Amino acid sequence: QDTQEKETVAPERAEEAKLKAKYPNLGQKPGGSDFLMKRLQKGQKYFDSGDYNMAKAKMKNKQLPSAGPDKNLVTGDHIPTPQDLPQRKSSLVTSKLAG
Amino acid sequence: FSGAGGGNDIQWCFSQVKGAVDDDVAEADIISTVEFNHSGELLATGDKGGRVVIFQQEQENKTQSHSRGEYNVYSTFQSHEPEFDYLKSLEIEEKINKIRWLPQKNAAQFLLSTNDKTIKLWKISERDKRPEGYNLKEEDGRYRDPTTVTTLRVPVFRPMDLMVEASPRRIFANAHTYHINSISINSDYETYLSADDLRINLWHLEITDRSFNIVDIKPANMEELTEVITAAEFHPNSCNTFVYSSSKGTIRLCDMRASALCDRHSKLFEEPEDPSNRSFFSEIISSISDVKFSHSGRYMMTRDYLSVKIWDLNMENRPVETYQVHEYLRSKLCSLYENDCIFDKFECCWNGSDRQVSFFSLIVMTGSYNNFFRMFDRNTKRDITLEASRENNKPRTVLKPRKVCASGKRKKDEISVDSLDFNKKILHTAWHPKENIIAVATTNNLYIFQDKMN
């Protein structure tokens, strides 16, 4: 039973070693906070003028009030600028399954 | 075990395929959910473009006794539209995450469809008569000159070409901060639950302006977040019982009679793991992507990245059976992590409820890569791998089983792990409640297979 389990897991460990070799800074806890936070925030983020101006102000003035309790939310310098605006995808035709 | 039911393998044959042939798949056409209604007469699909397409099975043709009715388009409508969360500057996708049918109570059909934020109750009704013979209007709608009316007549209903209309009857909105992953209708047929990453809400089908929060796993400090809710389902018979699964591979069973907020589970199902076997991937691949009760409610099945597990509700400390879906992927986890495939959410389903007469007659179906899908038959103790492909197009020809060569010398007709197409994933499958008819969704096509009728 033990040998069988070790045989099963050995490829997994080898894969882990490969991954760590490629990305040495990979976090210790893959299932932890950062990873899950990213999952919670999925969705196309669009330009937000408030966030954009906050980010601009931050560049000039290092003394900004500290972020609120939800500091893990993506804001400020993480968001797209007007130059990076993604094109909104077009609507809405009949599904090809019904064609 | 000995096969209690006689142990004959089902012989699956291609029946139909729906959708575009071309390889260039538009995002909107990606199928995101598939569901038969309670009679199996209707088959609904939802897609990334927020559209629902419903197929109806033709009445059985007595002269064509060697095939069951085909599924043809019955109704199609735009269920959800893209929206914008102005506060967070985030787009709300119109993708249909789940469809669940209500049992039929009258002539109309009802279903719930949901995207990340809003659940809608749709009424699908037929109109096959229309009133004719108005006194003041012509048939084309133009008004008649009242002075030309010399007699009065009573309008009558005359047959017309069948029209199927879908109308939204209820919109259940603004109750979820996070993304809805599941909806499940209660056996009381009056209430249903909706689950997002951190919370589960209970709704009444008639009431849209409020819902009750019954599970909340959001920590006070988000830094302490360790797991999220991945799926939830009501028990098929006990209207007070539901389960929810997590990203850490656990399932919690809750009883709504115990307290208003079911934060403390009644049962916790978890398979113990040897800590020495842990790797970077362990938690990710243990995340449960789907949970489904058996028809009796005695068993439930969970799907994680590499396996399907069957649990007996009376035994919390380990599953009664574990089936390996594609164990050969364990030695590919590094690249599957890099291309994000390791986060793919495969669903699973049982064979039709009518056929689940005993523990032995249970069959499990789930998808894999390369447009392969797998079935595990408790009766015959056998498993099979089949492929949804337009190359196997001949009706009434039994599908050829596929085999993946994990390592070593590849035999003829086997496919090596490195040749698998990881862009061709079967995430959604459904099994007709009464017949051996299955619906299998590839990226943008819907395949229907049936067992060979003699």
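Here is how names work: the chains are called A, B, and so on, in the same order as the sequence lines, proteins then strands, and each is numbered from 1. This structure is a prediction, so every number in the text was calculated from the model and none was measured.
Considering every non-hydrogen atom in both Val73(B) and Ala98(A), the closest pair reads CG2-CA, 3.7 Å. What you find for Cys334(B) and Lys18(A) is that their closest heavy atoms are SG-CB, 3.9 Å. When every heavy atom of Tyr23(A) is checked against every heavy atom of Glu338(B), the shortest pair comes out as OH-OE2, 2.6 Å.
Of the inter-residue distances, the one linking Glu12(A) atom CD with Ile285(B) atom CD1 reads 4.0 Å to the nearest 0.5 angstrom. To the nearest 0.5 Å, atoms OG (Ser95(A)) and CD (Gln78(B)) are separated by 10.0 Å. A distance of 15.5 Å separates OG in Ser331(B) from CZ in Arg13(A), rounded to the nearest 0.5 Å.
Using a 4.5 Å cut-off between heavy atoms, Leu329(B) does not touch chain A at all. Heavy-atom distances place the side chain of Phe343(B), and not its backbone, under 4.5 Å from chain A. Heavy-atom distances place no part of Tyr74(B) under 4.5 Å from chain A, backbone and side chain included. Contact of Ala20(B) with chain A is made through backbone and side chain together, with heavy-atom distances under 4.5 Å. Residue contact with chain A, scored on non-hydrogen atoms closer than 4.5 Å, involves the side chain of Ile31(B) exclusively.
No other option in Asn72(B), Thr45(B), Leu333(B), Asp196(B) has as many heavy-atom pairs under 4.5 Å with chain A as Leu333(B).
Residues Tyr337(B) and Glu15(A) have side chains that never bring a donor and an acceptor to within less than 3.5 angstrom of each other.
In this structure, Lys96(A) and Lys18(B) have side chains that are not in contact, with every pair of non-hydrogen atoms separated by 4.5 Å or more.
Residue Leu97(A) forms a side chain to side chain contact (heavy atoms under 4.5 Å, CB included) with just one option from Thr76(B), Ile54(B), Leu446(B), and that option is Leu446(B).
The local environment of CZ in Arg318(B) is sparse, with at most 12 non-hydrogen atoms from other residues, nucleotides or ligands closer than 6.0 Å.
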